[in-house]
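Let me begin by presenting the structure, written as structure tokens, before commenting on it.
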There are 2 protein chains.
Amino acid sequence: MIRILLAEDQAMMRGALAVLLGLEDDLEVVAQVGTGTEIVPTALEVRPDVALLDIELPGISGLEAAGELTARLPECRVMILTTFSRPGYVRQAMAAGAVGFLVKDGPVEELADAIRRVLRGETVLDPALAAATLRAAPNPLTARERDVLAASEDGSSIADIAGRLFLSPSTVRNYLSAAIGKTGTRNKTEAALTARRNGWLA
Amino acid sequence: MIRILLAEDQAMMRGALAVLLGLEDDLEVVAQVGTGTEIVPTALEVRPDVALLDIELPGISGLEAAGELTARLPECRVMILTTFSRPGYVRQAMAAGAVGFLVKDGPVEELADAIRRVLRGETVLDPALAAATLRAAPNPLTARERDVLAASEDGSSIADIAGRLFLSPSTVRNYLSAAIGKTGTRNKTEAALTARRNGWLA
DNA sequence: ATCCACCACTGACAATTGTCACCATCGGGT
DNA sequence: ACCCGATGGTGACAATTGTCAGTGGTGGAT
């Protein structure tokens with residue numbers, strides 16, 4: 001019996017997947033969580049064979065949790081199940097020790113099989129997605145550039161960002177200018193958008 | 001046997017829901033589509049009792065499809081199933097003749113029952129959500145203001161927007177200024193963001 | 001007939017934003 | 001010791017953006 005931990009914030013999606021996986025007679029969902037913060041504690045308690053993690057979660061992200069989980073519970077295989085096939089996500093997932101990366105666009109039928117394959121020691125990653133990730137440029141942004149971009153995502157003014165990050169407005173403008181240059185965009189809004197789309201933030 | 005049409009863009013969610021609903025012995029998913037454009041033609045062909053529509057879909061939105069569907073196939077009950085409980089969405093759904101509005105945050109168990117209740121003639125709408133919708137201000141934006149806000153969502157410059165909408169840059173700036181005023185925000189990025197969050201766009 | 005809301009535009013002005021050159025410090029590498 | 005990249009800053013300048021006061025035109029109410 002393969003014991004599964006399921007982390008997904010949308011209750012309906014989480015419930016549906018749990019029922020679905022429960023229908024397979026070699027699979028068993030032993031824990032369900034709706035936030036990133038619960039992942040590691042719950043996993044340490046129930047000791048699942050596989051953790052199926054969404055990325056965008058309240059609290060910490062599934063990718064951060066993946067890193068901690070592979071470190072603290074190495075016998076648990078970590079798989080990422082996400083809406084977005086962003087190159088940066090794939091990169092971070094692999095760096096965090098994940099052995100599977102599934103996109104919610106794919107057919108449900110693949111899911112149970114992917115879990116079994118991971119447990120046999122295989123790595124599950126769509127070849128086209130792997131290729132696209134390798135083709136795409138790796139994250140060119142420095143930590144600070146990511147900070148200011150993330151802070152500008154809600155449309156904040158430079159003064160706001162500076163206040164929030166305890167920097168001088170001029171410094172913020174310089175980082176933004178650098179980020180705009182590196183992303184090949186024309187203003188902070190576009191820069192934040194493409195950085196987000198590439199999985200370069202958070 | 002209740003015949004259901006399912007419109008949802010995420011294949012995995014769509015598949016999982018279909019399996020789930022299929023487990024109920026009085027429910028039957030007779031059609032699944034992944035785009036908004038397919039909804040009406042498919043419904044006219046298979047004549048379902050209930051159409052369960054996501055809002056954010058490729059092609060036309062589930063809300064637009066809902067309006068057309070209630071007009072062209074009145075015997076088919078339309079239910080909206082969406083991630084976002086935006087006041088504007090609820091308003092539009094009801095205006096389009098939908099008799100159910102479900103949020104993907106809720107438990108899966110409710111879904112089948114909600115469908116049955118809708119078929120008994122009830123309207124399914126979380127009271128708290130209904131209250132919040134009534135409390136929230138209705139869409140204060142004019143059609144043009146919505147246009148320019150939608151066009152500015154990708155971080156475009158005013159000149160870009162003007163070019164795309166065949167307007168003079170000054171006109172665009174005036175509409176944006178009006179939208180900024182009405183949304184109580186401080187720049188076009190914030191304005192577009194809050195308009196989107198309230199379900200005032202598209 | 002008059003009012004009002006919406007549409008479309010212009011021009012002027014102030015504020016914000018983006019670019020650039022420049023300076024200083026710190027921590028690795030080589 | 002030296003270079004390099006990242007961090008944090010200043011000041012100057014140009015471009016973009018936001019505000020405001022106008023001008024008209026349209027079409028639907030009263």
Side-chain angles (χ1 to χ4, degrees), chain A residues 88 91-92 95 137-202, chain B residues 88 91-92 95 137-202:
Chain A
R91 266 210 170 77
Q92 284 177 72
N139 191 338
L141 303 171
T142 68
R144 265 315 191 206
E145 285 159 4
R146 285 197 296 275
D147 290 343
V148 292
L149 280 186
S152 76
E153 280 192 296
D154 59 351
S156 293
S157 70
I158 287 180
D160 290 340
I161 303 169
R164 234 179 303 156
L165 299 182
F166 304 104
L167 292 174
S168 108
S170 320
T171 304
V172 172
R173 288 205 289 165
N174 285 339
Y175 284 132
L176 282 176
S177 190
I180 290 167
K182 288 180 181 179
T183 52
T185 51
R186 287 169 308 162
N187 54 52
K188 58 180 153 73
T189 311
E190 274 190 355
L193 227 55
T194 62
R196 172 63 65 188
R197 268 203 303 267
N198 281 298
W200 290 341
L201 302 181
Chain B
R91 266 209 171 77
Q92 284 177 72
N139 191 340
L141 303 172
T142 68
R144 266 311 194 208
E145 285 159 4
R146 287 197 295 276
D147 289 344
V148 293
L149 279 186
S152 77
E153 280 192 298
D154 60 350
S156 293
S157 70
I158 287 180
D160 290 340
I161 301 169
R164 233 178 304 156
L165 299 182
F166 304 105
L167 292 174
S168 105
S170 318
T171 304
V172 172
R173 288 202 290 163
N174 285 339
Y175 284 133
L176 283 176
S177 190
I180 290 167
K182 289 180 181 180
T183 52
T185 50
R186 286 169 308 163
N187 54 54
K188 58 176 152 71
T189 312
E190 274 189 355
L193 227 55
T194 63
R196 172 63 66 190
R197 268 202 304 268
N198 281 298
W200 292 340
L201 302 181

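So that the names make sense, note that chain A is the first sequence line, chain B the second, and so on, each numbered from 1.
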| request: Measure from CG on A:Leu176 to P on D:dA15 and round the result to the nearest Å. | output: 20 Å
| Which whole-number value in Å describes the distance from B:Ile158 CD1 to D:dT19 C1'? | 11 Å
| Which nucleotide in D:dG8, D:dT17, D:dA12 has an atom nearest any side-chain atom of A:Tyr175 | D:dG8
| Contact class for A:Thr171 vs. all strands (heavy atom < 4.0 Å): base, sugar-phosphate, or nothing? | base
| note | note: B:Glu145, atom CD; C:dA8, atom C1'; distance rounded to Å ~ 13 Å
| field | Length of the CG-C1' vector between A:Asn174 and D:dT10, whole Å | value | 9 Å
| said: Please report the distance, rounded to the nearest Å, between CG in B:Leu165 and P in C:dA8. | reply: 9 Å
| Between C:dT19 and A:Ser177, is there an OP1 or OP2 to side-chain N/O distance shorter than 4.0 Å? | yes
| request: Run the numbers on A:Asn198 and A:Arg91 for side chain to side chain contact (heavy atoms under 4.5 Å, CB included), then give the verdict. | output: CA-CA 11 Å; A:Asn198 281 298; A:Arg91 266 210 170 77; over 6 Å; no
| 5'-most by nearest nucleotide on DNA chain C - A:Ala159 or B:Ser170 | B:Ser170
| task | Would you mind classifying the nucleic acid contact of B:Thr142 as base, sugar-phosphate or nothing, using non-hydrogen atoms under 4.0 angstrom? | result | sugar-phosphate
| request: Check for a donor-acceptor pair, side chain of A:Asn187 on one end and backbone N or O of B:Gly155 on the other, with a separation under 3.5 Å. | output: yes
| task | Report yes if some heavy atom in the side chain of B:Trp200 is under 4.5 Å from a heavy atom in the side chain of B:Leu149; otherwise report no. | result | no
| Base, sugar-phosphate, or nothing: which does B:Arg144 touch, judged by heavy atoms less than 4.0 Å apart? | sugar-phosphate
| Protein-nucleotide distance (A:Asp160, atom CG; C:dT16, atom C1'), rounded to Å | 12 Å
| query | How long is the line joining CZ of A:Arg186 and C1' of C:dT17, in whole Å? | reply | 14 Å
| task | Let me know the distance between CG of A:Asn187 and P of C:dT19, rounded to the nearest Å. | result | 9 Å
| message | Which residue is it: B:Arg146, B:Arg164, B:Arg196? I am looking for the one with a salt bridge (Lys or Arg N to Asp or Glu O under 4.0 Å) to B:Glu153. | response | B:Arg196
| task | Determine the contact category for A:Ser168: base if any of its heavy atoms lies under 4.0 Å from a base atom, sugar-phosphate if only primed atoms, P, OP1 or OP2 are that close, otherwise nothing. | result | sugar-phosphate
| said: We want to know whether B:Asn174 and B:Thr171 form a side-chain donor-acceptor pair, criterion being a heavy-atom distance below 3.5 angstrom. | reply: no
